[in-house]
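First up is the structure itself, then whatever we jot down about it.
When reading the values below, keep in mind they use all heavy atoms of this one structure, side chains included, and skip hydrogens, waters and symmetry mates.
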Amino acid sequence: MARAAAVAVLVVAFAAAATAQMESCNTELPAVLVGNYSGLACQPVWNNFVLRYHQDKNNVLRVVLSTIYSTGWVGMGFSRDGLMVGSSAMVGWIGRKGLPHVRQFALRGKTSGKVVVNRGFLVSNDHDHTVVVQQARIYLAFQLRFSYRLTHQHIILAFGSSIPVNNKLTRHQDKTSFTFDFTTGKAFADGSFPYGLRRAHGALNLFAWGVLMPIGAILARYFRRMDPLWFYLHVGIQFVGFIIGLAGVVAGVALYNKIQADVPAHRGLGIFVLVLGILQILAFFLRPNTDSKYRKYWNWYHHWSGRLALFFAAVNIVLGIHVGGGDNSWKIGYGFNLAIILLAVIGLEFMLWTRWSKDSAPTPTY
């Protein structure tokens with residue numbers, strides 16, 4: 001009998017908790033927030049987190065994020081691609097002296113030193129922000145101005161149990177990410193973020209444009225005495241590199257369609273390099289004979305467009321590693337690869353000029 005009573009009490013407790021969770025949007029805001037934050041739409045989004053929001057005709061977004069609170073900090077991040085690195089977050093807490101604190105942080109990395117206070121891409125006025133604790137719940141209220149109407153937005157929620165000291169955030173105790181539709185109030189889990197697709201996009205393009213293509217170019221410039229072997233190796237390697245790079249582009253397009261990442265510089269450079277690569281492929285089929293009067297113009301075009309493609313490809317690889325939040329293994333790996341290629345080019349260029357100074361015979365063109 002006692003056991004049955006205990007079970008009944010537990011069932012009632014769980015039901016009450018569930019009811020409280022469902023009715024959390026019906027809970028009245030603290031009186032201090034009513035003036036600036038009344039009339040907001042409301043949606044439970046994660047565990048005990050409740051999101052109240054409204055964006056007016058001037059694209060000013062008013063937000064009240066609330067959850068159960070005892071101590072520590074809570075934060076809401078806005079991400080351009082669903083990743084923590086590169087996002088900006090509004091974070092609030094009650095300090096050790098009982099004073100409210102709201103700060104914007106730029107999340108530039110996954111370590112505490114790269115979470116920088118008073119930095120980020122969010123546009124706000126500090127006097128519009130406040131933190132209120134009432135009945136064991138914290139209310140983080142802030143206003144942000146956007147240059148566009150928010151629709152689908154990548155959101156990151158996190159909380160930590162330690163009170164920040166000197167605006168230094170401790171590691172989060174838990175976090176989540178999702179896409180929130182500010183027009184319908186629906187949340188979509190970001191748990192299916194295509195990390196494999198992002199990795200494939202980076203690895204394929206790095207191998208194609210960062211390894212194979214430079215090797216093919218080195219063969220064409222410094223090993224022409226190995227005729228006609230250099231030509232077949234050059235053409236074969238560049239074709240294989242282009243096909244692999246094209247696969248990387250396809251992966252990049254698929255990735256963009258999934259996350260709508262706002263990386264115009266990376267995309268623009270990628271398109272430019274792809275166009276140069278296509279022109280190089282077309283140049284192979286339109287190559288004039290060696291005795292043609294147009295051959296020297298073709299050589300000039302082929303050499304310099306190829307060099308431009310390799311240069312901007314290297315720049316875009318570095319940019320891609322940065323915007324993709326690549327860890328140190330990517331940076332060190334590509335840096336080592338780039339250093340080896342540059343040292344090889346310097347050494348081979350020196351040997352080439354030394355040979356040219358001793359041999360007045362012109363080098364064959366291709």
Side-chain angles (χ1 to χ4, degrees), residues 80-81 83 85-86 108-109 197-224 230 233-256 261-284 299-353 366:
R80 291 168 171 159
D81 54 11
L83 300 176
V85 178
R108 298 174 179 173
L197 199 57
R198 182 187 65 177
R199 191 179 300 110
H201 169 64
L204 289 171
N205 280 298
L206 192 154
F207 182 62
W209 288 100
V211 178
L212 288 181
M213 297 285 200
I215 291 175
I218 287 173
L219 287 170
R221 179 164 178 79
Y222 302 112
F223 293 90
R224 295 187 200 175
W230 72 266
L233 288 175
H234 170 70
V235 171
I237 290 175
Q238 300 306 75
F239 266 112
V240 171
F242 178 78
I243 296 301
I244 294 175
L246 189 60
V249 170
V250 172
V253 172
L255 181 64
Y256 176 78
D262 185 18
V263 286
H266 182 60
R267 289 182 63 213
L269 278 177
I271 293 171
F272 179 65
V273 170
L274 177 63
V275 170
L276 289 177
I278 293 173
L279 292 177
Q280 290 290 75
I281 296 297
L282 293 176
F284 171 77
N299 286 336
W300 181 88
Y301 150 77
H302 182 59
H303 296 167
W304 285 104
S305 62
R307 290 164 185 167
L308 280 175
L310 290 178
F311 173 77
F312 284 108
V315 172
N316 208 29
I317 289 171
V318 174
L319 184 60
I321 292 173
H322 174 71
V323 300
D327 55 26
N328 288 332
S329 63
W330 285 81
K331 299 174 184 177
I332 294 172
Y334 181 64
F336 181 77
N337 171 78
L338 190 60
I340 293 296
I341 290 174
L342 290 176
L343 288 175
V345 168
I346 292 172
L348 290 169
E349 190 72 18
F350 175 78
M351 293 171 61
L352 181 64
W353 281 97
Y366 61 95

Please tell me if the side chains of [X] and [Y] come closer than 4.5 Å, counting only heavy atoms from C-beta onward.
| X | Y | value |
| --- | --- | --- |
| Met213 | Phe207 | no |
| Arg108 | Val85 | no |
| Ile218 | Phe223 | yes |

Partners passing side-chain contact (heavy atoms from CB on, under 4.5 Å) against [X] (at least two apart in sequence or in another chain):
| X | result |
| --- | --- |
| Ile271 | Val275 |
| Leu274 | Phe242, Leu246, Val249, Ile278 |
| Ile237 | Leu212, Ile215, Leu219 |

Ring pair (Phe, Tyr, Trp, His ring centres under 6.0 Å) partners of Phe284, counting only residues at least two apart: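 Only Phe239 meet the ring pair (Phe, Tyr, Trp, His ring centres under 6.0 Å) criterion with Phe284.
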Test of understanding: with ring pair (Phe, Tyr, Trp, His ring centres under 6.0 Å), list the residues that count as partners of Phe312, not counting sequence neighbours.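 Once residues adjacent in sequence are excluded, the partners of Phe312 under the ring pair (Phe, Tyr, Trp, His ring centres under 6.0 Å) criterion are Phe272.
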Nearest heavy atoms of [X] and [Y], plus distance in Å:
| X | Y | answer |
| --- | --- | --- |
| Ala208 | Gly241 | CB-O, 3.2 Å |
| Ala220 | His234 | CB-ND1, 3.4 Å |
| Gly270 | Asn316 | N-ND2, 3.2 Å |
| Asn337 | Gly210 | ND2-O, 2.8 Å |
| Tyr301 | Ala283 | CE2-CB, 3.5 Å |
| Leu206 | Ile321 | CD1-CD1, 4.4 Å |

Please determine whether side-chain contact (heavy atoms from CB on, under 4.5 Å) holds for the pair Arg221 and His303, giving the CA-CA distance in whole Å, both sets of side-chain angles, and the decisive distance to 0.1 Å. CA-CA 9 Å; Arg221 179 164 178 79; His303 296 167; over 6 Å; no
For the atom pair [atom1] ([X]) and [atom2] ([Y]), what is the distance rounded to the nearest 0.5 Å?
| X | Y | atom1 | atom2 | answer |
| --- | --- | --- | --- | --- |
| His322 | Lys331 | NE2 | NZ | 8.0 Å |
| Arg198 | Leu255 | CZ | CG | 8.0 Å |
| Arg199 | Leu204 | CZ | CG | 12.0 Å |
| Ile281 | Ile243 | CD1 | CD1 | 7.0 Å |

Inter- and intrachain pairs under side chain to side chain donor-acceptor pair (under 3.5 Å), touching residues 304-314, at least two apart: Gln280-Ser305
According to the side chain to side chain donor-acceptor pair (under 3.5 Å) rule, which pairs have a member within residues 203-215, sequence neighbours left out?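 The answer is His201-Asn205.
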Step by step, would you call Tyr222 with Met351 a side-chain contact (heavy atoms from CB on, under 4.5 Å)? CA-CA 9 Å; Tyr222 302 112; Met351 293 171 61; over 6 Å; no
Residues which pass side-chain hydrogen bond (donor to acceptor under 3.5 Å, both in side chains) with Tyr334, listed by chain and number, not counting sequence neighbours: none
